[in-house]
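Scroll down for the structure; my scribbles are underneath it.
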There are 2 protein chains.
Amino acid sequence: MKEKRSLETVERRISEFFLHNRRMPTYSEMTDLLGVRSKSVVHFWVKKLMAKGVLERDSKGFLKPLRRSLLLPLVGEIQAGFPSPVEEELRDVISLDEYLITRPVSSFILKVSGDSMIGEGIKPGDLVIVEKGREPKNGDVILAQVDGEWTMKYFTKRGGRIILESANEKYPPIRPKEELRLGGIITAVIRKYHR
Amino acid sequence: MKEKRSLETVERRISEFFLHNRRMPTYSEMTDLLGVRSKSVVHFWVKKLMAKGVLERDSKGFLKPLRRSLLLPLVGEIQAGFPSPVEEELRDVISLDEYLITRPVSSFILKVSGDSMIGEGIKPGDLVIVEKGREPKNGDVILAQVDGEWTMKYFTKRGGRIILESANEKYPPIRPKEELRLGGIITAVIRKYHR
DNA sequence: TTGACAATAGAACGAACGTTCTATTAGGAT
DNA sequence: ATCCTAATAGAACGTTCGTTCTATTGTCAA
C-alpha cells in the first residue's frame, strides 16, 4: 500500500494529521507520514514545501497549519458568474469555526425538530448554534420555552410587551404573560446533506 | 488594565491564543498570557487546569486545544426538552469544520444570491459548501450553468434525461438539451445571523 | 508582630526539538 | 560501465521545551 511520495501526497498527509490531532506534526512524526527513516529527509521535504509556499512558519518558527486543512476558499456570489480554479486561488479563505462561533463558551449546538421556523429557512434536522445570555433584539430568532416546551420563535418587543411569532402559519403568535424563559439567540443555521 | 487571574480567565486567554495562532502556547508564551515572569508559575497553573479537566495532553504529551475553543456541545432536539448545563457536559461535542467538510481539497464555499432554492431553505446571503467532481443523485441540490448563468437546482435523471428544478414556483423546470455544465453538489448550507 | 501557607521568581536540568553535517544509496544520461 | 545528481540515512549539535528545585514574596489569621 505504499504510495508514491510527491508534494501533493505529503501535503495531504500533513493535512490529515492536523485534522485529527489539531496540531502540526513534529519532524519525528513526519518520518512516519512520509515513510522515511531520518529527520533530515523530513527537513529536506519541509524546505521544499516551504519554497512552494505550501507550508509556512509563524513568527515563532512553528509550522503553520495548512490553509487547506481548515480553511475553504470563499468564492463570489452565484450570479456573479462561476469562478475558474485560477480565480479561486485569489479569493478569500474562511474557517467555518471562526466564522460561525464568536463566543465559544456561551454557545452550543441544537438539532432542530419541528417546523415552526420553516419560513425562515430553518428545517427539521438542521443544526442551530444557540448563544446564551444575550439580550435579543426585535426580529431575532430565539430559543424560548412556551407551555413547558422549548421552541424557536421570532422575538419582538413593543412597548414592554413581548410577542413571539413563528415562521409558520400553523402556529399562532404568543404573548407570554409572565417572564419569558429564554434559552438563547440563534446565531447560525447549519444544514448538511446526507452523504 | 490588569485583570485578576483565575481559572476562567486563564482558560479564556489560552482559548483566544489558540483561535488566533491555531496552536497551543508554549510555557514561555503563557507567562505573557498569565502576566507572570516564570515558567514554573505557568507549570503550576497548567497543573491546576489539568486537574480540573480543562486542559489535556495528547498521547505525545502536547497540550490539546481546549474543547471549548473549536468544539461545541451538541445537545438534543428541541422538543425533547431543553437540557440543563449538567446534561450538556455529557453530550457529544462536534467540530463544525470536521462535521461540514469531508473533502477539503475539492470543496469551496459560495455565497448564495437569488431565491431559486428558497423552498429548500436556502436563502439569499447563505453560504453553501460545494463539492466538485462528484456524480449527483436524484434529489441532490446542485450548482449548474443554465443559459450561461450559474444557479442552484434540484437534480433529477429519468431514463437518461436530466431535469433541473427550482424550489421556487417562479422558475420553470429545465431540461438541458446538450451536456450539463455541472459546478458541483451542495453538501451543506450555512447561515449566520448578522452580529 | 508573628507564624503558616500559598503564590511567585529564578536557576538548573534532562529530553526532545529542528538543524546541519557527512556518508551512502538510487536512478538516469552519456 | 561510468558519471552525475537527487534522495536518503544516520549521527552530531545547539536550542528550546517542559519540569523540578530552592528561595523569596505576599496574604491572612492568630
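In what follows, chains are A, B, ... by sequence order, proteins preceding strands, each numbered from 1. Hydrogens, waters and symmetry mates play no part in the numbers below; they use all other heavy atoms, side chains included.
- Between A/Arg37 and D/dT8 there is no side-chain N or O to OP1 or OP2 distance below 4.0 Å.
- Rounded to whole Å, atom P of C/dA7 lies 13 Å from atom CG of B/Leu49.
- Listed pair B/Trp45 / C/dT8 meets the phosphate criterion, a side-chain N or O lying under 4.0 Å from OP1 or OP2.
- Between A/Asp126 and A/Arg191 a salt bridge is recorded (basic side-chain N to carboxylate O distance below 4.0 Å).
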Expected string for nucleotides 16-23 of chain C under the B/S/- scheme (protein heavy atoms, under 4.0 Å, primed atoms plus P, OP1, OP2 as sugar-phosphate) is -SBBBB--

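- Screening residues 27-42 of chain A for salt bridge (Lys or Arg N to Asp or Glu O under 4.0 Å), with sequence neighbours left out, gives A/Arg23-A/Glu29.
- Here CE of B/Met24 is found 5.0 Å from CG of B/Leu55. Values are rounded to the nearest 0.5 Å.
- Nearest approach of A/Pro25 to A/Ile14, heavy atoms of both residues: CD-CG2, 4.2 Å.
- Looking at residues two or more places apart in sequence or on another chain, you find no side chain to side chain donor-acceptor pair (under 3.5 Å) involving A/Lys52.
- Residues meeting the side chain to side chain donor-acceptor pair (under 3.5 Å) test with A/Ser28, sequence neighbours left out: none.
- Salt-bridge annotation for B/Asp140 and B/Arg134: absent, with no side-chain N of the basic residue lying under 4.0 Å from a carboxylate O of the acidic one.
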What pairs of donor and acceptor atoms, side-chain ones from residues 152-159 of chain A against any protein atom, are under 3.5 angstrom apart with sequence neighbours left out?
| unit_1 | atom_1 | unit_2 | atom_2 | d |
| --- | --- | --- | --- | --- |
| A/Lys153 | NZ | A/Ser166 | OG | 2.5 |
| A/Tyr154 | OH | A/Glu120 | OE1 | 2.3 |

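- In this structure, CZ of B/Phe44 is placed 9 Å from P of C/dA6, rounded to the nearest angstrom.
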Close N/O contacts between protein and nucleotides 25-27 of chain D (under 3.5 Å):
none

